[in-house]
Amino acid sequence: MMNVSVNDVISTCLGLGMFVSINQRLDAEAITVIADEFGYDVQFSSTEEEEAAQEEQEPEEDLKPRAPIVTIMGHVDHGKTSLLDYIRNTKVTASEAGGITQHIGAYDVLTKRDKKLHFLIHPVTKRLPPCAPVVHG
């Protein structure tokens with residue numbers, strides 16, 4: 001297992017042109033490319049080994065909650081980063097050329113109740129896809 005946060009993996013995938021969600025199955029080539037980006041080697045198991053591992057479920061009391069992922073997509077200069085600046089109490093837009101952020105971003109936010117949220121921001125310069133990625137967590 002890689003000791004890399006989900007945000008880092010998804011952000012890397014987006015940077016590689018792969019639109020992925022936390023629960024999406026990836027093919028062997030994609031897994032190898034992503035692992036290589038983080039300096040890891042990959043070893044694949046057989047279908048029988050995978051099925052046996054799936055049958056061994058963790059007891060419910062051992063499960064840990066995961067932070068929800070919020071995806072914000074929209075055209076450049078439509079307020080995505082300003083919205084996140086407000087939520088995070090930061091001023092990312094102040095450091096951007098013309099106040100416009102033109103890159104994909106992944107951010108963690110801690111709420112007043114000490115709950116973590118993951119935010120993905122994806123500026124779109126031409127056309128929006130028919131729907132935003134659905135991320136289940």
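What you see is a predicted model, and the numbers here were worked out from it, not measured in a lab. Hydrogens, waters and symmetry mates are skipped; everything else that's a heavy atom, side chains included, is used.
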#### Entry: CA sep, side-chain torsions, deciding dist, call: Phe119, Thr71, side-chain contact (heavy atoms from CB on, under 4.5 Å)
CA-CA 6 Å; Phe119 282 89; Thr71 303; over 6 Å; no
### Message
Is there a path of hydrophobic side-chain contacts, each under 4.5 Å between heavy atoms, that joins Leu110 and Leu120?
### Response
no
### Message
With a 3.5 Å distance limit and no angle check, can you tell me whether Gln24 reaches the backbone of Ser21 through a side-chain donor-acceptor pair?
### Response
yes
### Message
Can you confirm whether Tyr107 sits close enough to His118 that some side-chain heavy atom of one is under 4.5 Å from a side-chain heavy atom of the other?
### Response
no
### Query
Any side-chain heavy atom of Lys116 within less than 4.5 Å of one from Val109?
no
#### Entry: Neighbour count >12 (heavy atoms, 6.0 Å) for atom OH, Tyr86
no
### Query
Within a radius of less than 6.0 Å around CD of Glu61, do more than 12 heavy atoms belonging to other residues, nucleotides or ligands occur?
yes
Which side-chain N or O atoms in residues 26-33 pair as donor and acceptor under 3.5 Å with protein atoms at least two apart or in another chain?
residue: Asp27; atom: OD1; partner: Glu29; partner atom: N; Å: 3.3
residue: Asp27; atom: OD1; partner: Ala30; partner atom: N; Å: 2.7
residue: Thr32; atom: OG1; partner: Ala28; partner atom: O; Å: 2.8

### Contact check, side chains of Val9 and Glu37, non-hydrogen atoms, under 4.5 Å
no
### Query
How far does CG of Leu117 sit from OG1 of Thr111, to the nearest 0.5 angstrom?
6.0 Å
### Task
Not counting sequence neighbours, list each pair that qualifies as a salt bridge (charged side-chain N to carboxylate O under 4.0 Å, His left out) and has a residue in residues 13-24.
none
### Message
Within a 6.0 Å radius of atom CG on Asn89, are there more than 12 heavy atoms belonging to other residues, nucleotides or ligands?
### Response
no
### Query
How long is the gap from CG on Asn7 to CD1 on Ile69, to the nearest 0.5 Å?
6.0 Å
### Summary
d(Phe38 CZ, Thr12 OG1) to nearest 0.5 Å is 3.5 Å
### Query
Side chains of Asp8 and Ser5: do they bring a donor and an acceptor to under 3.5 Å?
yes
